[in-house]
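As structure tokens, the structure follows; a few thoughts come after it.
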Amino acid sequence: MPPLPSTRLSFPLNSPLFYILPSTSLFPNLIITTTTNKNKILIPTMSFSSSASSPSPSSISNPKEPEHPRDPEDQELLLQQVLKYHNQTKHHFTKYARGPHGLDWANQPNPFRRYVSAPLLPLLHFPTENQNPNSSSTQDPLYSSLFLNLPPPKPISKSTISQFFYDSLALSAWKTTGFSTWSLRVNPSSGNLHPTEAYIISPPIESLSDSSFVAHYAPKEHALELRAEIPSWVFTNFLPKDSFLIGLSSIFWREAWKYGERAFRYCNHDVGHAIAAVSMAAAGLGWDVKLLDGLGYEDLEKLMGLEVFPKFQIPSRPVKGRFPEMEFEHPDCILVVFPNGAGEFDVNYKQLSLAISEFSKLEWKGKPNLLSKEHICWDIIYRTAEAVKKEIILGNTFLVDPFQSSGICSEGSYKGFTAREVVRKRRSAVDMDGVTAMDRNTFYQILLHCLPSGSRNGGKQKKPLALPFRGLPWDAEVHAALFVHRVEGLPQGLYFLVRNEDHLDKLKKSMRSGFKWVKPEGCPENLPLYELDRTDCRTLAERLSCHQEIASHGCFSLGMVACFDPLLHDKNMWMYPRLFWETGVLGQVLYLEAHAVGISATGIGCYFDDPVHELLGLKGSNFQSLYHFTVGGPVVDKRIMSLPAYPGPDVDA
């Protein structure tokens, strides 16, 4: 995501407070009004009341009960907290969500968490380029091949674990210009701030540890920090052979330092990016990945050793001061990594949770380093994080569906890069050239890889079966409204990708009645892409994405639209961050696809929420826009010099 000059902008008195969108056949001279009157914003407000006539999403059926269900009144209060956060952190034409008035560079958070005095276990390094492209025994598969089938699984070893982290969460390069030097990573992050931390919970690995262990991944060193040794029966009793766990957590302060209250959204985007990065790296080794989503928040906290952090007392309002306890890590999720084709296996969450409860008694090594001297606490972030804490769900079924290959319509669009070349050379574009165009079949091929169910041979898109979406245990809830700017053979205009076809009728009824909903010319039969309206929407896309030219200067941009209010009411408020995870996984696919076809992409977290809904005709909050993205030809800043990831310069920033 390109850095923004500020997270809260003020308009001069002579700034226009309304915008006339480009005239089109469907919405001529549509005016999105943002005029103010006695401090009242006249943008239509979103209603968060649940309509009795609104059907539940198709993916919600027979939700399992938590072990200790909350009181219904408490549930409603927590849900209202989530909805309050979502509404309060929307950007509007006349005001942005609350954030710092400037960047406090003296207190920029250290992007590298370290556990001081914990034993450091160095990992191996690998060349990015394929050293022998003509060899049939090359170790790194082609990027595009992973979407067709996974290679035979490799055994867990120091070498494969090293490769796994090197291709998912490691540094990818250093950049320098003038007196500034900063690192980049394989997994992207909002503003390159990297709130996501990773842990491995593993059986013994020769040359790393003689016993089962928990370790924190240190990307700057490309090494594991040994946190604790654990009983081996954790793996023999509860998980399949040759498997291990990856834990992801978030440090909200890293994002909030720059983005203020909206940071909770961005942290969860980054969790999704990390889930997809882990899934792609695992796929290259013949491993599959699945979210262990039946565990509760306290299980995750114990499993990753995050009880070491003191409890943070949330203030009643935003405050500035020294709050080292605010640098705690919020446990997000646990992923199980296991050999492809391992067959069905079940996870007894109740027994596993009982075993994890013993982790509190382990001897945990290392003390977390301090990231900043002073902090600003945006209290609504931490109240919302409390509200979405998930309880253990008893009776939750763990299913591993067979791998489903993705559709193919233009295999020749890919440049023959290996998986490592794509994931390690991926960069977030900071500007687009406004010239590069994309072939129509390339556009369709990229979108085929964005579908959750792969090539279904006539079946509907709904269930996550294809890479990397198959790691998510819920049916697809996120769709894409596309602004097509420069796709040769495809008219400019507004299009819509339906990623869960059970939602199609509801989407048609919820959106503007004049939309066409017709398949564009040459569109593959198994790609549920629809043309809504033909128009030059470059200015429109730019204005909706906080006036950023990058949204109009690419081949196409998009807004990710998620099923929202019915999902939170019917399933639970802990689905709120998971919706952002799904957008992050989808965004990671767009990043990798763009690089694989020779261009670039970037996520856009700054956009005007309700004007996007108004454009689409969405009323109420059954659907909400949660993430924007752009794909196109990048502009390279020649003033910035690239340096190798390892060994890097001796700096923390």
Discussion item. Quick one about Glu411 and Ser144 (side-chain donor to acceptor, distance below 3.5 Å, no hydrogens or angles considered), yes or no?
Written reply: yes
Fill in: Whether Phe147 and Tyr143 hold their rings parallel, tilted or perpendicular, with breakpoints at 30° and 60°
perpendicular
Worksheet entry | Residues in salt bridge (charged side-chain N to carboxylate O under 4.0 Å, His left out) contact with Arg470, at least two apart in sequence or another chain | Asp288
Worksheet item: So, does Trp257 use its side chain to make a donor-acceptor pair with the main chain of Pro109 at under 3.5 Å?
Response: no
Practice prompt. Could I get the full list of ring-ring contact (aromatic ring centres under 6.0 Å, His included) partners for His330, not counting sequence neighbours?
Written response: Phe252, Tyr297
Worksheet entry | Candidate pair Trp174 and Ser642, rule side-chain contact (heavy atoms from CB on, under 4.5 Å), full reasoning | CA-CA 6 Å; Trp174 286 85; Ser642 292; over 6 Å; no
Discussion item. By the salt bridge (charged side-chain N to carboxylate O under 4.0 Å, His left out) test, which pairs, at least two apart or in different chains, include something from residues 632-649?
Written reply: Asp637-Arg639
Worksheet item: salt bridge (charged side-chain N to carboxylate O under 4.0 Å, His left out) with Arg114: which residues, sequence neighbours excluded?
Response: Glu221, Glu225
Worksheet item: Ignoring hydrogens and geometry, is there a side-chain-to-backbone donor-acceptor pair from Gln445 to Cys409 under 3.5 Å?
Response: yes
Discussion item. Does Arg227 qualify as a cation-pi partner of Tyr115, given the criterion of NZ or CZ under 6.0 Å from the six-membered ring centre and within 45 degrees of its axis?
Written reply: yes
Discussion item. Just so I know, are the side chains of Phe629 and Thr583 near enough to count as touching, which here means a heavy-atom distance under 4.5 Å?
Written reply: no
Worksheet item: salt bridge (charged side-chain N to carboxylate O under 4.0 Å, His left out): which pairs involve residues 592-607, sequence neighbours left out?
Response: none
Discussion item. With heavy-atom distances below 4.5 Å as the criterion, would you say the side chains of Phe469 and Leu451 are in contact?
Written reply: no
Worksheet item: Can you check whether Pro368's main-chain N or O pairs, donor with acceptor, with Arg113's side chain at less than 3.5 Å?
Response: no
Worksheet item: OG of Ser406 to CG of Leu465: how many Å apart, nearest 0.5 Å?
Response: 10.0 Å
Worksheet, complete the sentence: Tightest non-hydrogen contact, residues Leu497 and Cys450, listed as CD2-CB, 4.2 Å
Practice prompt. Give a yes or no on whether the backbone of Leu239 and the side-chain of Ser243 come within a donor-acceptor separation of less than 3.5 Å.
Written response: no
Worksheet item: Which is it for Ile251 and Leu371 under the side-chain contact (heavy atoms from CB on, under 4.5 Å) test, yes or no, and what are the steps along the way?
Response: CA-CA 10 Å; Ile251 303 174; Leu371 306 179; 3.9 Å; yes
Worksheet item: Do His485 and Phe556 have their ring centres less than 6.0 Å from each other?
Response: no
Practice prompt. Check whether the side chains of Thr176 and Thr181 place a donor and an acceptor atom closer than 3.5 Å, and report yes or no.
Written response: yes
Item to complete: Kindly indicate, with the supporting measurements, whether the criterion side-chain contact (heavy atoms from CB on, under 4.5 Å) is fulfilled by Ile334 and Leu291.
Response: CA-CA 6 Å; Ile334 292 289; Leu291 199 66; over 6 Å; no
Practice prompt. Apply ring-ring contact (aromatic ring centres under 6.0 Å, His included) to Phe244 and list each qualifying residue two or more places apart in sequence or on a separate chain.
Written response: Phe164, Trp287
Worksheet item: Taking only residues two or more places apart in sequence, or in another chain, which ones meet Lys241 in a side-chain hydrogen bond (donor to acceptor under 3.5 Å, both in side chains)?
Response: none
Fill in: Under 3.5 Å donor-acceptor, His553 side chain and Val435 backbone
no
Worksheet item: Just wondering, are more than 12 heavy atoms of other shown residues or ligands nearer than 6.0 Å to NZ in Lys365?
Response: yes
Worksheet item: Would a 4.5 Å heavy-atom cut-off, applied to side chains only, mark Phe359 and Met304 as touching?
Response: no
Practice prompt. Tell me whether the centres of the aromatic rings in His273 and Phe580 are closer together than 6.0 Å.
Written response: no
Side chains of residues 206-213: which donor-acceptor partners sit under 3.5 Å, not counting sequence neighbours?
unit_1: Ser209; atom_1: OG; unit_2: Ser211; atom_2: N; d: 3.3
unit_1: Ser209; atom_1: OG; unit_2: Ser211; atom_2: O; d: 2.8

Discussion item. Quick one: does any side-chain atom of Gln461 pair with a main-chain N or O of Gly454 as donor and acceptor, under 3.5 Å?
Written reply: yes
Worksheet item: Phe165: what forms a ring-ring contact (aromatic ring centres under 6.0 Å, His included) with it, not counting sequence neighbours?
Response: Tyr217
Worksheet item: Side chains of Thr160 and Ser157: donor-acceptor distance under 3.5 Å anywhere?
Response: yes
Worksheet item: Under a 4.5 Å cut-off applied to non-hydrogen side-chain atoms, are Val186 and Arg426 in contact?
Response: no
Worksheet entry | Residue pairs involving residues 159-180 (criterion salt bridge (charged side-chain N to carboxylate O under 4.0 Å, His left out); sequence neighbours excluded) | Asp167-Arg420
Worksheet entry | side-chain contact (heavy atoms from CB on, under 4.5 Å) evaluation trace for Phe443 with Val487 | CA-CA 7 Å; Phe443 176 68; Val487 177; 3.9 Å; yes
Fill in: Pairs satisfying salt bridge (charged side-chain N to carboxylate O under 4.0 Å, His left out), at least one member in residues 176-190, at least two apart
none
Item to complete: Ignoring hydrogens and angles, tell me if any N or O in the side chain of Thr630 forms a donor-acceptor pair with the backbone of Ile550 under 3.5 Å.
Response: yes
Discussion item. Could you tell me if the side chain of Ile230 sits less than 4.5 Å from the side chain of Phe235, heavy atoms only?
Written reply: yes
Fill in: Polar side chain donor-acceptor pair, Ser250 to Asp332, under 3.5 angstrom
yes
Worksheet item: Do you see a donor-acceptor pair shorter than 3.5 Å between the side chains of Ser249 and Glu329?
Response: yes
Worksheet item: Does Arg427 make a cation-pi contact with Tyr591, if we ask for NZ or CZ under 6.0 Å from the ring centre and within 45° of the axis?
Response: no
Worksheet item: Taking all atoms of both residues into account, what is the closest heavy-atom pair of Ser172 and Ala645, and its distance?
Response: C-CB, 3.6 Å
Item to complete: Report yes or no: do Ser189 and Asp270 form a side-chain donor-acceptor pair below 3.5 Å?
Response: yes
Worksheet item: Is there a side-chain contact between Ile599 and Met438, using heavy atoms and a 4.5 Å cut-off?
Response: yes
Practice prompt. Tell me, please, which residues at least two apart from Ser552 pass side-chain hydrogen bond (donor to acceptor under 3.5 Å, both in side chains).
Written response: Glu542
Item to complete: Answer yes or no: is there a donor N or O on one side and an acceptor on the other, between the side chain of Arg440 and the main chain of Gly489, under 3.5 Å?
Response: yes
Worksheet item: Of the options His194, Glu197, Gln108, which is the one that meets Arg254 in a side chain to side chain donor-acceptor pair (under 3.5 Å)?
Response: Glu197
Discussion item. For a 4.5 angstrom cut-off between non-hydrogen side-chain atoms, does Pro151 reach Leu146?
Written reply: yes
Discussion item. Taking the side chain as everything from C-beta on, heavy atoms only, tell me whether Val430 gets closer than 4.5 Å to Thr602.
Written reply: no
Item to complete: Decide whether Ser372 and Trp253 meet the rule of one side-chain donor and one side-chain acceptor closer than 3.5 Å.
Response: yes
Item to complete: Measure from the side-chain N and O atoms of Ser545 to the backbone N and O of Gln548, and report whether any donor-acceptor pair falls under 3.5 Å.
Response: no
Discussion item. Assess the residue pair Thr436 and Asp433 against the criterion (side chain to side chain donor-acceptor pair (under 3.5 Å)); give the C-alpha distance rounded to whole Å, side-chain angles, the decisive distance to 0.1 Å, and a yes or no.
Written reply: CA-CA 7 Å; Thr436 299; Asp433 59 19; 2.6 Å; yes
Worksheet item: Is there a donor-acceptor pair under 3.5 Å between the side chain of Asn340 and the backbone N or O of Leu285?
Response: no
Discussion item. Is the ring pair Tyr646/His222 parallel, tilted or perpendicular, if the boundaries are 30 and 60 degrees?
Written reply: tilted
